[in-house]
Amino acid sequence: MKVNNFLRFKIKPMSELSQNHINIRVRFAPSPTGYLHVGNARTAILNWLFARHCGGSFILRVEDTDMDRSTTEYYKELLDDLKWLGLDWDEGPDVGGDFGPYKQSDRLQIYQDYANKLLAQGNAFKCYCTAEEIKEKSELAISKGESVNYDGTCYQLSQEQIRQFESQGRKPVIRFRVPSEEISFSDIVRGTITFDGDNISDFVILRAVGIATYNFAAAVDDTLMSISHIVRGEDHLSNTPKQILIHNALGHTSPNFVHIPMILGSDRSKLSKRHGDNQVRQYREKGYFPEALVNFLSLLSWSSPTGDELLSMKRLVEEFTLERLSKSAAIFDLEKFNWMNGWYLRNIEFDKITNMAIPFLEKEGYDISDETFAKKCIGAVITRADYLQELATRCSIFFQDEVMFENDTLMKSESSKKIFAEFLNETKNITDWRGETFKQIMKTIQQKTGVKGKDLWMPFRMALTGLEHGLELPNVVELLGLEKSKQFIQKAINT
RNA sequence: GGCGCGUUCGUCUAGUGGCUUAGGACGCCGCCCUCUCAAGGCGGAGAUCACGGGUUCAAAUCCCGUACGCGCUACCA
């Protein structure tokens, strides 16, 4: 039987007007079971933007109730990646706060107490069914076309039955008893959403080992931490009625819900390793910029009212509102992200770029003892790279001792041999070697040999860099220096 | 299987009943610049607004249905 309890569960919708109040409290609640996923990063970013836009609080809560998969190593890396993104939090496991502790593993007693309260109130019950028994029953239900619900085996156990289970060594879990009624709530992105309790199974809130499960811990903490808006991924939409049920049973008011769309891979399935890099750390290691990642990720399912896309953190904070969140999932388009990062590469202050790029050059094994030289190399290739690792790779032409030709047929022609020979001849007495000098020599070669344009420049580019297309040669030779330039041309002649 | 959510150019999106011959960005193509390739500037192609019904003088925008996609259905989060 369904009892319409709509009014009881209805969440008062909060308009953007009231969001300007100071008591906006949002949280990012990751579990430290791996490196930060870009989807989670986007959730963190949106929470942070919302909090900063409203002058509210951004809280970091670590959900490590899965003891098997959570590690302190990942916990540290998580914080590190969030900081790298430029996010900061007002309360969290590392900075403390009035609503701590902020690590769920430090709150286990709280969950046990609340579970006992629900037990005493009759909102929960001990269940001795094994995982195997439950699985068997749910498969049967599916085969019959029914929704997979707990069948109530342990609702009314006698003392005798309990004794029997205990003597078998069974440890009970605590399940929440889902009432047979409608659960309705207002999602700021999606509007009113209604679930029927009859379609929700009695779910475990406390494991046999006494540790709370996600839905329970999250529901308890969100109210205890006075969270005003839960901004999280759409994959939690179906968890929401369970959490509301818990809030309600505990006599708490539910926060506002904001379910943001998922980020998908190119084939529209959930973004995973298969699609390439899906961790913040991977982009970080390739030399993408945090401000570019934040910019790009915030534009997945959100847009500025101005229509602009290149947005600083400052502008994102100023312009971000929940109203402009879209409902549909977005594909992570690496090509567009590359473009955006490339834009940052070319627009961030050059000194900052070089400081960030130098470690990447080092990693390539280049000799960067001459910093001025390294900077010039970076400047020479900056328009041809989208991220620092690519930039470093492109700098190889300045540090290699030998040129590997992409295509050597170009250099075997009569005219190529002629212009190369002329080059060696012209540089015999040169001491002052700059790009201008090279240009002059090229002009002279052209006059003497009659070779010009592509036929003149292409062989030189191939001889000096090994590439058919690429940099402005005067720049290249200046950085290469006279000796190396001559040496490379000599090698080209011998090819 | 059940329940929930979603669906505008290849991709990210604007659009909240007439301002829309559906706008912008990435990518693609062309032109300019130029020794080449980038970068930059300019321009172009690209969407019967998933499909089918309604409501309305008028619908991408409101309602219903269908299809497809995604999520949840764990003693994961």
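As the structure is a prediction and not an experimental result, all values here were calculated from the model. Numbered from 1 within each chain, the chains take letters A, B, ... in sequence-line order. Computed from heavy atoms alone, side chains included, the values below leave out hydrogens, waters and symmetry copies.
If you take atom P in B:rG1 and the same atom in B:rA39, they sit 48 Å apart, rounded to whole Å. Straight-line distance between the P atoms of B:rU55 and B:rC64: roughly 15 Å, to the nearest whole Å. Comparing B:rC9 with B:rA60, their C1' atoms sit 14 Å apart, to the nearest whole Å. Comparing the P positions of B:rG23 and B:rC49 gives an interatomic distance of 14 Å, to the nearest angstrom. For the P atoms, the distance from B:rU36 to B:rG30 is 15 Å, rounded to whole Å. Comparing B:rC51 with B:rC57, their C1' atoms are spaced 26 Å from each other, to the whole Å. For B:rC29 and B:rU34, the P atoms lie 22 Å apart once the distance is rounded to whole Å. Taking atom C1' on both B:rC42 and B:rC33, the two are 11 Å apart, rounded to the nearest angstrom.
Considering only side-chain N and O atoms, A:R346 lies under 4.0 angstrom from the phosphate OP1 or OP2 of B:rG40. Applying the 4.0 Å criterion to OP1 and OP2 of B:rA14, one finds that A:S303 has a side-chain N or O inside that range.
The 5' end of RNA chain B is approached more closely, in terms of each residue's nearest nucleotide, by A:R190 than by the other of A:F332 and A:R190. Positionally, the nearest nucleotide of RNA chain B for A:P474 lies more toward the 5' end than for the other of A:I134 and A:P474.
Nucleotide B:rG18: paired with B:rC57 (Watson-Crick or G-U wobble, both distances less than 3.5 Å). Both distances falling under 3.5 Å, in either a Watson-Crick or a G-U wobble arrangement, place B:rC3 opposite B:rG71. With a cut-off of 3.5 Å on both Watson-Crick or G-U wobble distances, the partner of B:rA50 is given as B:rU66.
Among the nucleotides B:rA77, B:rG71, B:rC26, the one closest to any side-chain atom of A:D333 is B:rC26. For A:I142, counting side-chain heavy atoms from C-beta on, the closest listed nucleotide (B:rU36, B:rC12, B:rG1) is B:rG1. Taking every side-chain heavy atom of A:W339 into account, B:rG27 is the closest of B:rA14, B:rG6, B:rG27. Closest contact between the side chain of A:M262 and the listed nucleotides B:rA39, B:rG71, B:rC12 involves B:rG71. Proximity note for A:T383 (side chain, C-beta onward) versus B:rG1, B:rA39, B:rC72: the nearest is B:rA39. Out of B:rU8, B:rC5, B:rC72, the shortest distance to the side chain of A:S328 is found at B:rU8. Listed nucleotides: B:rA14, B:rU36, B:rC72. Nearest to the side chain of A:K270: B:rC72. Residue A:F195 places its side chain closer to B:rG4 than to any other of B:rG4, B:rU11, B:rC75. Closest approach to the A:R461 side chain among B:rA77, B:rU36, B:rU13 is made by B:rU36 (side chain taken as heavy atoms from C-beta onward). Side-chain proximity of A:L237 to B:rC35, B:rC5, B:rU73: nearest is B:rC5.
No engagement by A:T33 is indicated, since no non-hydrogen atom pair under 4.0 Å with the nucleic acid exists. In this structure, A:V204 reaches the sugar-phosphate backbone alone: every heavy-atom distance under 4.0 Å involves primed, P, OP1 or OP2 atoms, never a base. Looking at heavy-atom distances under 4.0 Å, A:P459 makes no contact with the nucleic acid at all. Residue contacts for A:N239: at a heavy-atom cut-off of 4.0 Å it reaches a base atom on one of the strands shown. The residue A:R324 sits close only to the backbone: its heavy atoms come under 4.0 Å of sugar-phosphate atoms, none of a base. As judged by a 4.0 angstrom heavy-atom cut-off over every strand, A:H236 is placed among the base-contacting residues. Contacts of A:A330 with the nucleic acid, taken as non-hydrogen atoms under 4.0 Å apart, involve only primed sugar atoms and P, OP1 or OP2. A:R268 comes within 4.0 angstrom of the backbone, heavy atoms only, and of no base. A:L473 comes within 4.0 angstrom of a nucleotide base, judged by non-hydrogen atoms across all strands. Across all strands shown, A:S201 has no heavy atoms under 4.0 Å from either base or sugar-phosphate atoms. Note on A:S301: only backbone sugar-phosphate atoms sit closer than 4.0 angstrom, heavy atoms only; bases stay farther off.
Checked by atom type, the side-chain pair A:N239/A:H236 shows a donor-acceptor distance below 3.5 Å.
We find that CG of A:D198 is positioned 17 Å from C1' of B:rC72, with the value rounded to whole Å. Distance A:K242 NZ to B:rU73 P: 5 Å, rounded to the nearest Å. Distance A:N475 CG to B:rU36 C1': 14 Å, rounded to the nearest Å. Look at NZ on A:K327: it is 13 Å from P on B:rU16, rounded to the nearest Å. Between the CG atom of A:L299 and the C1' atom of B:rA25 there is a distance of 9 Å, given to the nearest Å. Rounded to whole angstrom, the span from the CG atom of A:D196 across to the C1' atom of B:rU73 amounts to 14 Å. When rounded to the nearest whole Å, the span between CD1 of A:I244 and P of B:rC3 equals 19 Å. Protein atom CG of A:L334 is 14 Å distant from nucleotide atom P of B:rC12, rounded to whole Å.
Judged by atom type and distance alone, A:K336 reaches the base of B:rA25 through a side-chain donor-acceptor pair under 3.5 Å. In this model, a side-chain donor or acceptor of A:E309 finds a partner on the base of B:rG24 within 3.5 Å.
Within 6.0 Å of NZ on A:K137 lie more than 12 heavy atoms contributed by other residues, nucleotides or ligands. More than 12 heavy atoms of other residues, nucleotides or ligands sit less than 6.0 Å from atom CD of A:E318.
A:R61 forms no cation-pi arrangement with A:F28, by the criterion of a distance under 6.0 Å to the ring centre and an angle within 45° of the ring axis.
By the 4.5 Å heavy-atom criterion applied to side chains, A:H229 and A:F257 are not counted as neighbours.
The ring pair (Phe, Tyr, Trp, His ring centres under 6.0 Å) test with A:Y283 is passed by exactly one of A:F337, A:Y387, A:F296, A:F289: A:F337. In summary, of the residues considered (A:N338, A:N341, A:D386), a side chain to side chain donor-acceptor pair (under 3.5 Å) with A:Y288 occurs for A:N338 alone.
The distance between the ring centers of A:F176 and A:F216 does not fall below 6.0 angstrom.
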Step-by-step salt bridge (Lys or Arg N to Asp or Glu O under 4.0 Å) determination, A:E166 to A:K126: CA-CA 12 Å; A:E166 302 262 342; A:K126 285 186 180 175; over 6 Å; no

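The aromatic ring of A:W457 sits over the base of B:rC35, with ring centres less than 5.5 Å apart and planes inclined by under 30°.
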